[in-house]
Peer 1: 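A single structure is presented below for examination.
On a predicted model such as this, the values are computed, not experimentally measured, just so you know.
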Amino acid sequence: MTPDPTSLSTWIVQPWFVLTWYAVGALGAAWMIYDALHANSALNPPLKACWPIIILFFSVIGIALYLVTSRPSDIGNYEEGRPKMERFTAYSKPRWRKVVASAIHCVGGDGLGIMTAMVAARLLGFSFWQEFWFEYAVGYAFGWFIFQTWAMRLQGNGWRMSLWMGGRAEFFSMITVMVGMGLAMRLLTPALVGQPPQPDTAAFWMLGAIGLLVGFILTYRMNLWLVSIGWKHGQGHEHMLEQVEREHGSGSHAGMRAAS
């Protein structure tokens, strides 16, 4: 049975809606990059890379999440360096903000790999399960070797420890992200478009965004656990500020400015 393109259940994959969704996401991502380079420069570096990806795919939802969880409304009033970092760290203390940031970091890195693999899998004609495991492998590699290891290094860990800790955190996060992605694709594709859409269609990109959004919702609880046991950090600069307090040196203050 072919889905009716005029029905209310399929408007979400129509070109007019998808183009609007991604146009808002692209504008929001561009603004977020500008904001992170100027007003919200204390945002953790890995999140500076992940938030534009998330906002592009999540559109208005991503913009709202950024404003509520990773951007103090008064951050532009603080001087660069330590004042901004202290304000941002204080803002980030509530665990729910750290968990959202942790999940964003996970889905941003994984999502970049997943969507890249999804394009390749559709062009190569993979079956559902071939595509699922291919997306899992590529998403895991992106998340582990690029985003998670980077974040662990910024917490003062060596390369070996960062690789181990990043891979450990990524293993658990990726499970829930891919469960959400797989469920969305398995259940929504037949209902909305019938057959798996190709990368040159609006439906492909909307279903990909929905899959990542479902993955984000499912991985929130997993990231809550990972943050609670100290396997992930989320956001804030506790480690760096503690280091500055110990050293009391202008050199470390300059290093802190550079790292932000």
Peer 1: Kindly indicate whether the side chain of Ser41, heavy atoms from C-beta on, has any atom under 4.5 Å from the side chain of Glu80.
Peer 2: yes
Peer 1: Would the number of heavy atoms belonging to other residues, nucleotides or ligands and lying under 6.0 Å from OH of Tyr34 be above 12?
Peer 2: no
Peer 1: Between Leu19 and Ile55, is there shared hydrophobic-cluster membership here, with clusters defined by ILVMFWY side-chain heavy atoms closer than 4.5 Å?
Peer 2: no
Peer 1: Quick one: are Pro197 and Val13 in side-chain contact, heavy atoms under 4.5 Å?
Peer 2: no
Peer 1: Would you say that Met161 contacts Met152 through its side chain, given a criterion of any heavy-atom pair below 4.5 Å between the two side chains?
Peer 2: no
Peer 1: From Asn40 CG over to Lys48 NZ, what is the distance, rounded to the nearest 0.5 angstrom?
Peer 2: 8.0 Å
Peer 1: Could you check whether any side-chain heavy atom of Tyr140 comes within less than 4.5 Å of a side-chain heavy atom of Asp110, counting everything from C-beta outward?
Peer 2: no
Peer 1: Would you check, one step at a time, whether the test side-chain contact (heavy atoms from CB on, under 4.5 Å) holds for Ile114 with Phe142?
Peer 2: CA-CA 9 Å; Ile114 289 169; Phe142 271 60; over 6 Å; no
Peer 1: Taking atom types as modelled and ignoring hydrogens, do the side chains of Ser228 and Arg95 form a donor-acceptor contact shorter than 3.5 angstrom?
Peer 2: yes
Peer 1: Hey, are the side chains of Val24 and Ile63 touching, using non-hydrogen atoms and a 4.5 Å cut-off?
Peer 2: yes
Peer 1: Treating Ser162 as the side-chain partner and Gly158 as the backbone partner, does any N or O pair qualify as donor plus acceptor under 3.5 Å?
Peer 2: yes
Peer 1: Got a second to check how far Thr201's OG1 is from Gln195's CD, nearest 0.5 Å?
Peer 2: 12.5 Å
Peer 1: Membership question, hydrophobic clusters at under 4.5 Å side-chain separation (ILVMFWY): are Val68 and Met32 in the same one?
Peer 2: yes
Peer 1: Run the side-chain contact (heavy atoms from CB on, under 4.5 Å) test on Ser70 and Gln235 for me, step by step, so that the C-alpha distance in whole Å, both residues' side-chain angles and the decisive distance to 0.1 Å come before the verdict.
Peer 2: CA-CA 8 Å; Ser70 286; Gln235 65 182 19; 2.7 Å; yes
Peer 1: Can you see which heavy atom on Leu212 is nearest to which on Met115, and at what distance?
Peer 2: CD1-CG, 4.1 Å
Peer 1: With side-chain contact (heavy atoms from CB on, under 4.5 Å) as the test, would you mind laying out the steps for Phe145 and Leu163 before giving the verdict?
Peer 2: CA-CA 7 Å; Phe145 294 114; Leu163 281 168; 4.0 Å; yes
Peer 1: Where do Phe88 and Gly236 come nearest, in terms of heavy atoms and distance?
Peer 2: CE2-N, 3.7 Å
Peer 1: Between Trp144 and Thr149, is there a donor-acceptor pair closer than 3.5 Å when you use the side chain of the first and the backbone of the second?
Peer 2: no
Peer 1: Using 4.0 Å as the upper bound for N to carboxylate O, is an ion pair formed by Lys84 and Glu79?
Peer 2: no
Peer 1: Out of curiosity, does Met181 fall in the hydrophobic cluster containing Val138 (side-chain heavy atoms, cut-off under 4.5 Å, transitive links)?
Peer 2: yes
Peer 1: Would Ile33 and Leu47 show up in the same hydrophobic cluster when neighbours are defined by side-chain heavy atoms closer than 4.5 Å?
Peer 2: no
Peer 1: Does Thr69 form a side-chain contact (heavy atoms from CB on, under 4.5 Å) with Trp51? I'd like the steps, not just the answer.
Peer 2: CA-CA 11 Å; Thr69 63; Trp51 268 115; 3.5 Å; yes
Peer 1: In Å, rounded to the nearest 0.5 Å, how long is the span from CG of Asn44 to OG of Ser92?
Peer 2: 7.0 Å
Peer 1: Check the hydrophobic clustering (I, L, V, M, F, W, Y; side-chain heavy atoms under 4.5 Å; chains of links allowed) and say if Leu213 and Tyr66 are grouped together.
Peer 2: yes
Peer 1: Could you tell me whether the side chain of Leu65 reaches within less than 4.5 Å of the side chain of Phe216, counting heavy atoms only?
Peer 2: yes
Peer 1: If you round to the nearest 0.5 Å, how far is CG of Asp35 from NE2 of His38?
Peer 2: 9.5 Å
Peer 1: Please check: side-chain N/O of Ser59 versus main-chain N/O of Tyr22, any donor-acceptor pairing under 3.5 Å?
Peer 2: no
Peer 1: Of all the heavy-atom pairs spanning Leu207 and Met185, show the shortest one and how long it is.
Peer 2: O-CE, 3.3 Å
Peer 1: Any chance you could measure Met118, atom CE, to Leu123, atom CG, to the nearest 0.5 Å?
Peer 2: 11.0 Å
Peer 1: May I ask you to check whether Phe134 and Phe126 place their ring centres under 6.0 Å from each other?
Peer 2: yes
Peer 1: How far apart are the closest heavy atoms of Gly109 and Cys50, and which atoms are they?
Peer 2: N-SG, 4.1 Å
Peer 1: Cation-pi between Arg97 and Tyr91: NZ/CZ under 6.0 Å from ring centre and within 45° of the ring axis?
Peer 2: yes
Peer 1: Between Phe132 and Trp129, how do the two ring planes meet: parallel, tilted or perpendicular, split at 30° and 60°?
Peer 2: perpendicular
Peer 1: Going from CD1 on Ile54 to CD1 on Ile104, what distance comes out if it is rounded to the nearest 0.5 angstrom?
Peer 2: 4.5 Å
Peer 1: Contact between Val119 and Phe204 at the side-chain level, heavy atoms closer than 4.5 Å - yes or no?
Peer 2: yes
Peer 1: Answer yes if the side chains of Thr89 and Glu86 hold a donor-acceptor pair under 3.5 Å, and no otherwise.
Peer 2: no
Peer 1: Does any N or O in the side chain of His237 come within less than 3.5 Å of the main-chain N or O of Ala42, such that one atom is a donor and the other an acceptor?
Peer 2: yes
Peer 1: Holding to ring-ring contact (aromatic ring centres under 6.0 Å, His included), I want the full list of residues that pass it with Trp164, two or more places apart in sequence or in another chain.
Peer 2: none
Peer 1: In the structure I gave you, are the side-chain heavy atoms of Met206 and Gln14 within less than 4.5 Å of one another anywhere?
Peer 2: no
Peer 1: Where do Leu226 and Ser173 come nearest, in terms of heavy atoms and distance?
Peer 2: CD1-OG, 3.3 Å
Peer 1: Of all the heavy-atom pairs spanning Lys232 and Asn223, show the shortest one and how long it is.
Peer 2: NZ-OD1, 2.8 Å
Peer 1: Please list all pairs passing the ring pair (Phe, Tyr, Trp, His ring centres under 6.0 Å) test where one or both residues lie in residues 165-196, with sequence neighbours left out.
Peer 2: Phe172-Trp225, Phe172-Trp231
